[in-house]
Amino acid sequence: MSNYWLMKSEPDTFSIDDLKRLKTSPWDGVRNYQARNFMKEMKKDDLVFFYHSSCSPPGIAGIAKISKEAYPDHTSWDPTHTYFDSKSTESNPKWVMVDVTFVEKWSSILTLAALKQSPALADMLLTKKGSRLSVMPITKNEWEYIITMLKNKRPLAGQIATYHQ
DNA sequence: GCCAACGTTGGC
DNA sequence: GCCAACGTTGGC
(Lines give C-alpha, C1' and ligand atoms only; values in the text may rest on other atoms or scores of the structure.)
Protein backbone atom coordinates (compact mmCIF):
# COMPACT_ATOMS: atom_id res chain seq x y z
CA MET A 1 0.00 0.00 0.00
CA SER A 2 1.56 3.16 -1.05
CA ASN A 3 1.34 6.61 0.40
CA TYR A 4 0.88 9.88 -1.40
CA TRP A 5 2.89 13.08 -1.14
CA LEU A 6 3.33 16.51 -2.64
CA MET A 7 6.76 18.05 -3.11
CA LYS A 8 7.46 21.64 -4.12
CA SER A 9 10.25 22.78 -6.36
CA GLU A 10 11.01 26.05 -8.04
CA PRO A 11 11.08 25.20 -11.74
CA ASP A 12 13.94 27.65 -12.30
CA THR A 13 15.99 25.42 -10.01
CA PHE A 14 14.55 21.98 -10.75
CA SER A 15 11.46 21.38 -12.89
CA ILE A 16 9.40 18.39 -13.98
CA ASP A 17 11.23 18.64 -17.31
CA ASP A 18 14.56 18.32 -15.53
CA LEU A 19 13.31 15.17 -13.80
CA LYS A 20 11.95 13.81 -17.08
CA ARG A 21 15.35 14.26 -18.67
CA LEU A 22 17.26 12.75 -15.74
CA LYS A 23 14.67 9.99 -15.10
CA THR A 24 15.80 9.81 -11.45
CA SER A 25 17.22 12.48 -9.17
CA PRO A 26 18.03 13.04 -5.51
CA TRP A 27 15.68 15.49 -3.80
CA ASP A 28 18.25 17.42 -1.83
CA GLY A 29 18.32 20.71 0.01
CA VAL A 30 15.31 20.26 2.28
CA ARG A 31 16.18 22.27 5.39
CA ASN A 32 12.93 22.25 7.32
CA TYR A 33 12.30 19.77 10.11
CA GLN A 34 8.68 19.06 9.31
CA ALA A 35 9.46 18.45 5.66
CA ARG A 36 12.45 16.29 6.58
CA ASN A 37 10.37 14.19 8.93
CA PHE A 38 7.85 13.54 6.20
CA MET A 39 10.66 12.48 3.87
CA LYS A 40 11.79 9.96 6.46
CA GLU A 41 8.33 8.38 6.30
CA MET A 42 8.41 7.93 2.54
CA LYS A 43 8.50 4.40 1.19
CA LYS A 44 9.75 3.11 -2.11
CA ASP A 45 7.09 3.45 -4.85
CA ASP A 46 5.10 6.09 -2.95
CA LEU A 47 3.59 8.53 -5.44
CA VAL A 48 4.35 12.23 -5.46
CA PHE A 49 2.66 15.25 -6.97
CA PHE A 50 5.48 17.37 -8.43
CA TYR A 51 4.53 20.95 -7.62
CA HIS A 52 6.02 24.05 -9.22
CA SER A 53 6.32 26.95 -6.77
CA SER A 54 7.42 30.57 -7.03
CA CYS A 55 6.43 30.73 -10.68
CA SER A 56 3.43 31.64 -12.78
CA PRO A 57 1.17 29.86 -12.40
CA PRO A 58 2.07 27.81 -9.34
CA GLY A 59 0.57 24.31 -9.37
CA ILE A 60 1.01 20.59 -9.91
CA ALA A 61 3.04 19.78 -13.01
CA GLY A 62 3.06 15.99 -12.94
CA ILE A 63 3.79 12.85 -10.99
CA ALA A 64 6.95 11.24 -9.64
CA LYS A 65 7.56 8.27 -7.40
CA ILE A 66 9.96 7.52 -4.58
CA SER A 67 12.73 5.28 -5.86
CA LYS A 68 15.06 5.43 -2.86
CA GLU A 69 14.06 5.96 0.75
CA ALA A 70 15.61 8.60 3.00
CA TYR A 71 19.41 8.71 3.28
CA PRO A 72 21.82 11.42 4.48
CA ASP A 73 21.92 14.62 2.42
CA HIS A 74 25.63 14.98 1.73
CA THR A 75 25.22 18.56 0.53
CA SER A 76 24.59 19.52 4.17
CA TRP A 77 28.20 18.89 5.23
CA ASP A 78 29.83 20.26 2.09
CA PRO A 79 31.07 23.77 3.00
CA THR A 80 31.24 24.72 -0.67
CA HIS A 81 27.60 23.86 -1.27
CA THR A 82 24.61 26.20 -1.18
CA TYR A 83 22.81 23.78 1.12
CA PHE A 84 25.66 23.61 3.66
CA ASP A 85 24.64 23.45 7.32
CA SER A 86 27.47 23.70 9.85
CA LYS A 87 25.47 21.66 12.37
CA SER A 88 25.36 18.64 10.08
CA THR A 89 28.34 16.33 9.76
CA GLU A 90 29.08 13.15 7.90
CA SER A 91 29.23 11.19 11.18
CA ASN A 92 26.06 12.85 12.48
CA PRO A 93 23.91 13.90 9.53
CA LYS A 94 21.05 16.24 10.29
CA TRP A 95 19.26 16.27 6.95
CA VAL A 96 18.10 13.60 4.55
CA MET A 97 17.10 13.31 0.92
CA VAL A 98 15.19 10.75 -1.10
CA ASP A 99 15.48 9.79 -4.76
CA VAL A 100 12.53 10.51 -7.01
CA THR A 101 11.83 9.01 -10.41
CA PHE A 102 9.82 10.58 -13.21
CA VAL A 103 6.36 9.10 -13.85
CA GLU A 104 4.50 11.58 -16.02
CA LYS A 105 4.31 15.22 -16.98
CA TRP A 106 0.85 16.69 -17.34
CA SER A 107 -0.13 18.52 -20.50
CA SER A 108 -0.83 21.61 -18.41
CA ILE A 109 -0.33 22.79 -14.85
CA LEU A 110 -3.17 22.02 -12.46
CA THR A 111 -3.02 25.41 -10.82
CA LEU A 112 -3.08 26.30 -7.16
CA ALA A 113 -5.99 28.61 -7.97
CA ALA A 114 -7.99 25.65 -9.29
CA LEU A 115 -7.09 23.52 -6.29
CA LYS A 116 -8.17 26.31 -3.95
CA GLN A 117 -11.57 26.47 -5.64
CA SER A 118 -12.37 22.90 -4.62
CA PRO A 119 -14.12 22.62 -1.24
CA ALA A 120 -12.98 18.98 -1.18
CA LEU A 121 -9.38 20.17 -0.93
CA ALA A 122 -9.91 22.85 1.71
CA ASP A 123 -8.18 20.75 4.39
CA MET A 124 -4.97 20.36 2.41
CA LEU A 125 -1.95 22.14 3.86
CA LEU A 126 -1.22 23.33 0.35
CA THR A 127 -4.39 25.38 0.00
CA LYS A 128 -4.15 26.92 3.46
CA LYS A 129 -3.11 30.53 3.66
CA GLY A 130 0.44 31.03 4.80
CA SER A 131 1.44 27.38 4.53
CA ARG A 132 5.01 27.13 3.29
CA LEU A 133 5.69 23.47 3.86
CA SER A 134 7.56 22.06 0.87
CA VAL A 135 6.93 18.37 1.51
CA MET A 136 3.52 17.21 2.67
CA PRO A 137 1.35 14.10 2.81
CA ILE A 138 -1.73 13.80 0.60
CA THR A 139 -4.65 11.58 1.55
CA LYS A 140 -5.85 8.88 -0.82
CA ASN A 141 -9.12 10.78 -1.27
CA GLU A 142 -7.30 14.00 -2.11
CA TRP A 143 -5.04 12.20 -4.53
CA GLU A 144 -7.93 10.63 -6.39
CA TYR A 145 -9.94 13.83 -6.36
CA ILE A 146 -7.05 15.73 -7.91
CA ILE A 147 -6.56 13.05 -10.58
CA THR A 148 -10.26 13.37 -11.41
CA MET A 149 -9.95 17.14 -11.63
CA LEU A 150 -7.11 16.70 -14.07
CA LYS A 151 -8.97 14.23 -16.26
CA ASN A 152 -12.04 16.41 -16.38
CA LYS A 153 -9.95 19.30 -17.49
CA ARG A 154 -8.29 17.74 -20.48
CA PRO A 155 -6.80 14.42 -21.60
CA LEU A 156 -3.32 13.52 -20.50
CA ALA A 157 -0.63 14.19 -23.03
CA GLY A 158 0.34 10.87 -24.53
CA GLN A 159 -0.86 7.76 -22.83
CA ILE A 160 -3.14 7.63 -19.86
CA ALA A 161 -1.61 7.28 -16.43
CA THR A 162 -0.27 3.80 -15.85
CA TYR A 163 1.09 4.15 -12.35
CA HIS A 164 -1.80 2.24 -10.75
CA GLN A 165 -0.69 -1.29 -10.01
C1' DG B 1 8.92 43.72 -6.24
C1' DC B 2 5.95 43.52 -2.25
C1' DC B 3 4.78 41.64 1.87
C1' DA B 4 2.19 38.23 4.93
C1' DA B 5 3.12 34.27 7.25
C1' DC B 6 6.11 31.30 9.10
C1' DG B 7 10.45 29.06 11.20
C1' DT B 8 14.76 29.87 13.48
C1' DT B 9 18.05 32.21 16.29
C1' DG B 10 19.86 34.11 20.25
C1' DG B 11 19.75 37.50 24.14
C1' DC B 12 17.94 37.74 28.47
C1' DG C 1 11.51 29.41 28.37
C1' DC C 2 10.06 33.76 26.40
C1' DC C 3 9.93 36.56 22.59
C1' DA C 4 11.96 40.16 19.45
C1' DA C 5 14.54 40.24 15.48
C1' DC C 6 15.74 38.26 11.52
C1' DG C 7 15.72 35.36 7.28
C1' DT C 8 12.97 32.68 4.11
C1' DT C 9 9.03 31.09 1.47
C1' DG C 10 6.05 31.76 -1.98
C1' DG C 11 1.63 33.80 -3.67
C1' DC C 12 0.19 37.76 -5.79
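Letters A, B, ... are given to chains in the order of the sequence lines, protein chains preceding strands, and every chain is numbered from 1. Remember, predicted model here, so these are calculated numbers, not experimental data. Computed over heavy atoms, backbone and side chain alike; hydrogens, waters and symmetry mates excluded.
With a 6.0 Å radius and a threshold of 12 heavy atoms from other residues, nucleotides or ligands, A:K128 has its NZ atom above the threshold.
Counting only distance, with no hydrogens or angles, the side chain of A:S54 and the backbone of A:E10 share no donor-acceptor pair below 3.5 Å.
Atom CD in A:Q34 sits about 15 Å away from atom P in C:dT9, given to the nearest Å. To the nearest angstrom, C1' of C:dG10 lies 8 Å from CD of A:E10. In this structure, A:N32 atom CG and C:dT9 atom C1' are separated by 10 Å, rounded to whole Å. Between A:L133 atom CG and B:dA5 atom C1' the separation is 13 Å, expressed in whole Å. In this structure, A:I60 atom CD1 and C:dG10 atom C1' are separated by 16 Å, rounded to whole Å. Rounded to a whole Å, the NE2 atom of A:H52 is 17 Å from the P atom of C:dC12. B:dT9 atom C1' lies 11 Å from atom NZ of A:K94, rounded to whole Å. In this structure, A:M7 atom CE and C:dG10 atom C1' are separated by 17 Å, rounded to whole Å.
Under a 4.0 Å N-O distance rule, the pair A:D17/A:K20 does not qualify as a salt bridge.
A donor-acceptor pair shorter than 3.5 Å cannot be found between the side chains of A:R132 and A:S53.
Consecutive Watson-Crick or G-U pairing (both distances under 3.5 Å) extending over three or more pairs maps onto DNA chain C as B:1-12 with C:1-12.
In the set C:dC12, C:dT8, B:dT8, the nucleotide with an atom closest to the side chain of A:Y33 is B:dT8. Listed candidates were C:dT8, C:dG11, C:dG10. Nearest to the side chain of A:R132 is C:dT8.
Taking only side-chain nitrogens and oxygens, A:K8 comes nearer than 4.0 Å to OP1 or OP2 of C:dG10. One finds a side-chain N or O of A:K116 lying less than 4.0 angstrom from the OP1 or OP2 phosphate oxygen of C:dC12. An OP1 or OP2 oxygen of C:dG11 is reached within less than 4.0 angstrom by a side-chain nitrogen or oxygen of A:Y51.
The shortest side-chain heavy-atom distance between A:H74 and A:M97 falls under the 4.5 Å cut-off.
Residues A:W5 and A:F50 keep their aromatic ring centres 6.0 Å or farther apart.
Going from atom CD1 of A:I138 over to atom CE of A:M124 covers 3.5 Å, rounded to the nearest 0.5 Å.
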